[in-house]
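One structure below.
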Amino acid sequence: MQYSVKLQTFEGPLDLLLHLIQKNDLDLYDIPVKEITEQYMVYIHTMQFLQLDIASEYLVMAATLLHMKSQMLLPAQEEELGEDEFEYDETDDPREELMYRLIEYKKFKEAAGELKERERVRSDLFSKPMSDLTPFLKDSTDSENGPNINVSIYDMLQAFQRMMKRKKKTEPVYSKIQREEIPIDEKMAQIMTELSRHHGKRRFSELFEREEKHHIVIAFLALLELMKANVIVCNQEDNFDDIMIYQKGEHTFEKSSD
Amino acid sequence: MKSHQIKAVIEGLLFVSGEEGIDEKQIMEVLQLDRKTVKFYMAELMEVYSSDSRGIQIVEIAGGYQFTTKQEHAPYFKRLVQSPSSTTLSQAALETLAIIAYKQPISRLEIEDIRGVKSERPIRTLTAKSLIKEVGRVDGTGRAILYGTTKDFLEQFGLRSTKELPPLPDSVPKEEVEEEVDLFFSKFQEQIASSMEEAQPIEITERKEFNNGE
Amino acid sequence: MKSHQIKAVIEGLLFVSGEEGIDEKQIMEVLQLDRKTVKFYMAELMEVYSSDSRGIQIVEIAGGYQFTTKQEHAPYFKRLVQSPSSTTLSQAALETLAIIAYKQPISRLEIEDIRGVKSERPIRTLTAKSLIKEVGRVDGTGRAILYGTTKDFLEQFGLRSTKELPPLPDSVPKEEVEEEVDLFFSKFQEQIASSMEEAQPIEITERKEFNNGE
């Protein structure tokens, strides 16, 4: 129980990375990728060891880090790459993007701390409820006006509707999840079949049957294996964008219909 | 503690107690003073507040004290109630008002269950604006206050009775729904609809765990 | 009307408005004064109330004024009344709120980009608490909702306007490392140590464990 409390202090992979950087006294402007990746992976393993749920964002970050690590180890590849996508300039430091995100996140994390402090100070100031002003209405000469509030019944209904909308999003969806065993080799083969069926190009989101963690993780791991085997190339345009997978070899990288 | 500080704290105590006022005994406890000393400071404060240049005065009520406004300022408060700028309601207040209008009589807890957040303040605002009032108490321990709408509420919205309220919008506008179909929600709406017919308080809605961690 | 009477009326208005506060405009309407004159009297009153011997002060928030007690007296009131904003926000909600406060108008996706995690829940909580609201839509397909802060936000954090927010820290000072050791982290360190010793490629162990999990 103790550690679940501790774990909640991480607000996501960026928060965790900041923590690791600070804890190990690393330079945010010159992140040692190998070290931070290893520590990050150990953290993920520890979470699993303690049988805690790992949010998908943490896995995406793991992928980013591993990719970055491999990018920094391997010599830059020369590729024929269609038009605009997928270009790595040799001079680009793959860490730059991550560094920028960490700095940006850190700013707001600190700002959140300041807000918290403000809230605390503010909560030390007490007031009283608004006085009941009805008595003043009662002996008013033009009392037929009522409280004369500038809202209509539709404002009220609209407010209600907004609340329903908000609540709707809060309700959970119940579904039964059946456990499936998907061997990684099988998944790898499946991905290659998928790729050849779709002109050597596929989105990551199209590689698993359902958006369940289990499926996503397996597909993701299979991807890593395929990358290691050097039969595919992956590209992600932006954070949280879908990952594009390209088959290497006989197929050219043509643009798919979408 | 110096005497001017003691008076300052008493002033604050009188203020936060608002219309309800505060007992001599409470002041004694909070400041760890004996009755005689409290009486002494109260006399001094009342003297200060009796000045013409003050808009609040201290009145003595059944073993306690209370801040009130001055009678000669009544016309200004009348104007305040009817001032066009004091007349909008926040989303929180409107939501709360809608729930009370359709589900009355209803307790604060039930309102909070539906809204998913604390609702003391909008209830106080609505009461102060004379749109809702206490209409009864829940039986049993606690005897929670039950709220309902007032005559002023009907006037404000041009209704002859609460039966004239339009039916509740039970569907969220389509274009605004970005999420996949939610089985639970349709269930929820069905239940609202049926509970409306039966005019029962909603109990079905919130589950505590939905709000976890926020 | 003499100036001391005007101030008296304002004092009364501040008192009855309590935690709702009162706008400059409302004071103008009630007293039939122009904005400049109201500002002048408010400044004088604030000065008077700032004295050490007073237990109430006037705070300026969200374009209005409000009577509150003083921070140094908080311990005396904590025992008597509930704090106005005693419901504290989670870290997730605070981070989301900070991003919205500084970057408004901003869409959920942009917020998630900065935080690196899904942020629907904190957004809902903040909306329910009336701290943020929809302030517009992104042009084009999808028409994502743009969020901004509300007047309640200013009130809860004691701000006159969002311009009063402290500047965002743009340099990154090195912070002291928290020295909290707990069960989790000793476990964590152990694993680091052992994985370092074995010096195995991390990818291999990873696969096995992911397969077992779930």
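Only heavy atoms go into these numbers, but all of them, side chains included; no hydrogens, no water, no symmetry mates. Since this is a predicted model, take the numbers as computed values, not measurements. Here is how names work: the chains are called A, B, and so on, in the same order as the sequence lines, proteins then strands, and each is numbered from 1.
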Next item on the list: Determine the minimum heavy-atom distance between B:P166 and A:I153, stating which atoms define it.
Entry: CD-CD1, 3.7 Å
Note to self: If you compare all heavy atoms of B:A98 against all heavy atoms of A:M156, which two are closest, and at what distance to 0.1 Å?
What the structure shows: CB-CG, 3.6 Å
Next item on the list: Compare every heavy atom of A:A159 with every heavy atom of B:L94, then report the nearest pair and how far apart it is.
Entry: CB-CB, 3.4 Å
Check: So with a 6.0 Å cut-off around NZ of A:K116, is the heavy-atom count from everything else above 12?
Finding: no
Margin query: Ignoring hydrogens, what is the shortest heavy-atom contact between A:F126 and B:F15? Give both atom names and the distance.
Written below: O-CE2, 3.8 Å
Next item on the list: Could you tell me which portion of A:S131 (side chain, backbone, both or neither) has an atom closer than 4.5 angstrom to a non-hydrogen atom of chain B?
Entry: both
Item checked: CD on B:Q91 to CG on A:D155, rounded to 0.5 Å -> 10.0 Å
Note to self: Working note: A:D132 + B:K129, criterion side-chain contact (heavy atoms from CB on, under 4.5 Å); need CA distance, chi angles, decisive distance, verdict.
What the structure shows: CA-CA 7 Å; A:D132 181 1; B:K129 298 207 183 228; over 6 Å; no
Next item on the list: Check whether any side-chain heavy atom of B:R124 lies under 4.5 Å from a side-chain heavy atom of A:M130, and answer yes or no.
Entry: no
Next item on the list: May I ask you to test the B:Y102-A:L157 pair for a side-chain heavy-atom distance under 4.5 Å?
Entry: yes
Notebook entry, point to check: More than 12 heavy atoms of other residues, nucleotides or ligands under 6.0 Å from CD of B:E20: is that the case?
Noted result: no
Next item on the list: Please flag which part of B:A93 lies under 4.5 Å from any non-hydrogen atom of chain A: side chain, backbone, both or neither.
Entry: neither
Check: B:E19 and A:K128: side-chain contact (heavy atoms from CB on, under 4.5 Å), yes or no, with the steps?
Finding: CA-CA 9 Å; B:E19 271 77 26; A:K128 66 178 261 300; 3.7 Å; yes
